[in-house]
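Okay, structure first, notes after.
Just so we're on the same page: letters track the sequence lines, and every chain starts at 1.
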2 protein chains.
Amino acid sequence: MSAEPGSRPAPTLEMVAALAGVSRATVSRVVNGAQSVAPHLAESVEEAVRTLNYVPNRAARTLASRRTHTVTLLVPESTSKVFADPFFATVVEGVTRYLNTTEYMLNIVTSSETDPDKTRRYLMGGNVDGVLVVSHHSGDHSWASLTNSLPVVFAGRPLVNADESYFVEVDNEEGAVAATARLVEGGRRHIGTIAGPQDMPPGVDRLAGWRAALAAGGLDDALVEIGDFTVTSGAAAMRRLLERGKPLDGLFVANDQMAAGAYSVIKEKGLRIPEDIAVVGFDDDYFATSVVPLLTTVHHPISALGEKMAEVLVELIEGRPAARVYRLPTSLVVRDSA
Amino acid sequence: MSAEPGSRPAPTLEMVAALAGVSRATVSRVVNGAQSVAPHLAESVEEAVRTLNYVPNRAARTLASRRTHTVTLLVPESTSKVFADPFFATVVEGVTRYLNTTEYMLNIVTSSETDPDKTRRYLMGGNVDGVLVVSHHSGDHSWASLTNSLPVVFAGRPLVNADESYFVEVDNEEGAVAATARLVEGGRRHIGTIAGPQDMPPGVDRLAGWRAALAAGGLDDALVEIGDFTVTSGAAAMRRLLERGKPLDGLFVANDQMAAGAYSVIKEKGLRIPEDIAVVGFDDDYFATSVVPLLTTVHHPISALGEKMAEVLVELIEGRPAARVYRLPTSLVVRDSA
DNA sequence: TTGTATGCGTTATCAC
DNA sequence: GTGATAACGCATACAA
């Protein structure tokens with residue numbers, strides 16, 4: 001039939017050596033790009049490789065060199081939903097983009113909540129060279145202990161012990177400053193914010209950025225309501241903000257989903273965007289372009305985050321120095337809401 | 001410091017054997033669940049495994065057994081966009097869901113258009129046990145030749161030589177029949193369709209289903225326009241349909257995106273959905289719930305598709321029989337448009 | 001620079 | 001049932 005596994009056995013290093021008339025060691029050197037090989041020998045080895053269609057056996061190589069050339073992308077969340085999540089998918093995209101420039105393979109594992117210990121043992125069992133940890137609770141560094149036996153790079157800064165692990169984060173504060181500054185420069189004087197959870201770094205940093213920008217503009221920073229990054233929490237927070245009865249002509253919302261929630265309440269009250277209240281969001285996700293008027297927001301470089309994480313991990317694996325923290329810049333995307 | 005790679009070497013089978021006071025062979029048997037081991041020995045081996053926190057070395061196991069326990073998900077499209085694609089992401093979700101019940105690892109590779117040959121050699125080099133091919137052009141079976149050296153399962157039926165490869169597809173025709181039947185049963189008598197490209201199986205099958213349902217209802221099937229599955233093509237096709245000047249009170253659109261396009265034209269003409277024209281889509285994707293009125297559509301079981309593909313592949317790898325074709329059932333999701 | 005020899009951690013084929 | 005022992009395909013000290 002067709003799919004007889006092992007129909008024609010794969011060529012081995014030994015076969016290449018025989019055909020090229022050299023030793024296996026020499027073939028190994030050529031294949032691994034060592035310089036100490038006579039040009040004419042290297043030439044004939046390469047020819048043999050081509051005619052035999054030789055490709056190194058990964059398992060054998062790993063066993064002999066104790067380097068797997070594999071990195072794991074660890075997703076702590078439950079399997080079912082992560083892949084549908086655009087954040088996660090975009091991180092993966094960035095990771096693979098970088099990895100494709102190297103010879104490392106990506107191995108995605110969603111740590112089964114049924115048996116996290118199995119995952120841990122797999123990772124520490126010498127089956128991978130390094131680990132990338134991506135979680136939505138970016139404060140969650142429950143896998144930090146892995147660092148003792150393996151290079152690990154996290155997505156996002158941990159809430160505590162930030163100086164003990166390698167991580168890449170987006171400069172949330174800078175983004176929030178830019179967003180708020182846009183409001184200030186637009187002439188708004190009564191600027192509120194719908195902040196994110198204060199037990200997550202992005203929630204904290206974005207609020208801090210808003211405060212900093214207001215302070216720079218000599219404005220009052222009393223109009224704060226907290227949400228949990230969901231659309232409905234954004235709507236509820238907006239309602240509370242309006243009920244205060246204070247003047248409000250500008251609003252910075254810590255993410256686009258909450259901004260969408262705020263939109264609905266603002267419209268419901270008969271207020272106009274941006275005429276009555278100018279709004280700036282954060283993330284530049286799908287919601288930013290599916291609301292009317294189009295949301296002015298801060299672009300969150302998710303793909304770049306994944307790319308940088310992979311880059312740092314590979315540096316670590318190969319023993320090159322790397323900074324413990326990388327903070328990625330954001331950029332303001334001006335649309336119609338502010 | 002912290003991330004010294006190889007700080008404490010992983011325990012080996014040999015260490016377990018020593019601790020348990022048996023031979024390596026016995027440990028191997030216990031670890032692999034062989035029955036021919038005395039209970040008390042198995043017991044002590046398992047204890048040794050626990051105390052040592054032993055986990056088998058994947059590379060060594062692969063090298064010795066010539067089975068990698070790895071399957072590749074091959075994505076022919078260019079790296080940049082696939083991950084953001086909900087279809088792809090959902091297939092991955094289904095695949096991992098099944099694989100998590102086995103001991104196979106998933107290895108995602110996006111065949112670099114720069115060097116497809118490299119990918120091919122990697123796959124045929126004995127580095128994976130099987131391949132899953134996912135492409136949006138489901139007719140594209142350019143990787144069919146892989147089947148000669150490896151078990152391969154495709155997503156979607158190929159346009160030609162459908163009896164030479166293993167594939168899992170969704171029952172597009174059945175879905176289209178159900179969608180159209182809904183229209184017929186709703187009393188519609190002038191039912192048109194916006195079909196997909198006729199060089200792709202889904203495009204062909206959905207059109208065929210529409211025809212079959214109309215025939216069953218004794219209705220005319222002249223109102224056909226072709227689109228290319230994009231929103232704009234849907235709008236254009238709708239415009240052409242309306243320009244025919246024929247009566248039209250029901251519409252089956254071959255996917256939700258084109259339905260969204262049709263919506264805009266229908267509304268632009270001052271017609272109402274579903275009062276003037278009842279609409280049924282196909283896919284049940286994001287667009288179905290982001291249009292007003294909510295779209296009645298056929299649910300496309302993408303996650304199940306991935307799950308089934310993985311299941312079939314594993315069957316093939318382990319030498320068990322599997323059907324060449326699996327056709328997954330769809331279901332009608334009734335909302336407000338029909 | 002090139003070749004020889006050994007070992008990587010398992011599985012598998014034998015005898016026992 | 002259990003234990004030696006030989007592969008598995010490659011990298012790498014070491015010798016030449």
Side-chain angles (χ1 to χ4, degrees), chain A residues 5-6 8-45 48-49 52-70 103 121-122 124-129, chain B residues 5-6 8-45 48-49 52-70 103 121-122 124-129:
Chain A
R8 192 161 15 86
T12 71
L13 211 173
E14 174 139 31
M15 297 168 62
V16 176
L19 181 58
V22 299
S23 74
R24 299 183 314 187
T26 298
V27 176
S28 179
R29 293 187 183 106
V30 173
V31 169
N32 293 308
Q35 14 275 41
S36 57
V37 177
H40 68 286
L41 282 191
E43 172 61 32
S44 62
V45 166
V49 165
L52 252 35
N53 237 302
Y54 168 76
V55 48
N57 179 299
R58 197 178 178 77
R61 175 178 273 186
T62 295
L63 192 56
S65 67
R66 330 217 14 42
R67 308 262 330 286
T68 68
H69 282 291
T70 294
E103 53 176 342
R121 291 191 327 201
Y122 171 73
M124 312 216 300
N127 296 299
V128 294
D129 289 344
Chain B
R8 189 157 21 82
T12 70
L13 210 172
E14 174 139 30
M15 298 168 61
V16 176
L19 181 57
V22 299
S23 73
R24 300 182 312 190
T26 297
V27 176
S28 178
R29 291 186 184 106
V30 173
V31 170
N32 293 306
Q35 25 273 44
S36 56
V37 177
H40 68 285
L41 282 191
E43 173 62 30
S44 63
V45 165
V49 165
L52 253 35
N53 237 302
Y54 168 76
V55 49
N57 179 298
R58 199 179 177 75
R61 176 177 273 189
T62 295
L63 190 56
S65 67
R66 338 240 326 70
R67 309 260 332 284
T68 67
H69 281 291
T70 294
E103 52 176 344
R121 291 192 327 201
Y122 171 74
M124 311 215 301
N127 295 299
V128 295
D129 289 344

Could you pull out all residues at least two apart from A/Arg29 that satisfy side-chain hydrogen bond (donor to acceptor under 3.5 Å, both in side chains)?
none
Take the C1' atoms of the five end pairs on each side of the helix from C/dT1-D/dA16 to C/dC16-D/dG1, derive the two axes, and give their angle rounded to 10 degrees.
30°
Nearest heavy atoms of A/Arg121 and B/Asn53, plus distance in Å
CD-OD1, 2.9 Å
For residues A/Leu13 and A/Tyr54, report the shortest heavy-atom separation together with the two atoms involved.
N-CE1, 3.5 Å
Just the endpoints, please: which first and last nucleotides of DNA chain D, 5' to 3', lie under 4.0 Å from a heavy atom of chain B?
D/dG1 to D/dG9
With sequence neighbours left out, what residues match B/Ser44 under side-chain hydrogen bond (donor to acceptor under 3.5 Å, both in side chains)?
none
Closest approach of B/Thr70 and B/Arg58, non-hydrogen atoms and distance?
OG1-NH2, 3.1 Å
Any residue meeting side-chain hydrogen bond (donor to acceptor under 3.5 Å, both in side chains) with A/Arg67, in chain and number order, not counting sequence neighbours:
A/Tyr104
B/Thr62: which residues meet the side-chain hydrogen bond (donor to acceptor under 3.5 Å, both in side chains) condition with it, sequence neighbours left out?
none
I'd like a table of donor-acceptor pairs (distance under 3.5 Å, sequence neighbours excluded) in which one partner is a side-chain atom from residues 30-42 of chain B, with atom names and distances.
unit_1: B/Asn32; atom_1: OD1; unit_2: B/Arg61; atom_2: NH2; d: 3.2
unit_1: B/Asn32; atom_1: ND2; unit_2: B/Ser28; atom_2: O; d: 2.9
unit_1: B/Asn32; atom_1: ND2; unit_2: B/Ser28; atom_2: OG; d: 3.3

Opening and closing nucleotides of DNA chain C in contact with chain B, under 4.0 Å to non-hydrogen atoms:
C/dG9 to C/dA12
Give the residues of residues 34-41 of chain A touching DNA chain C, defined as any heavy atom closer than 4.0 Å, sorted by residue number.
A/Ser36, A/Val37, A/Ala38, A/Leu41
Nearest atoms (heavy-atom pairs only) where A/Val45 meets A/Ala20:
CA-CB, 3.9 Å
Quick one: list whatever passes side chain to side chain contact (heavy atoms under 4.5 Å, CB included) with A/Ala60, sequence neighbours left out.
A/Asn57, B/Leu63
What pairs with B/Ala64 under side chain to side chain contact (heavy atoms under 4.5 Å, CB included), at least two apart in sequence or on another chain?
none
Would you jot down, in residue-number order, the residues of residues 14-30 of chain A having a non-hydrogen atom under 4.0 Å from DNA chain C?
A/Val22, A/Ser23, A/Arg24, A/Ala25, A/Thr26, A/Arg29
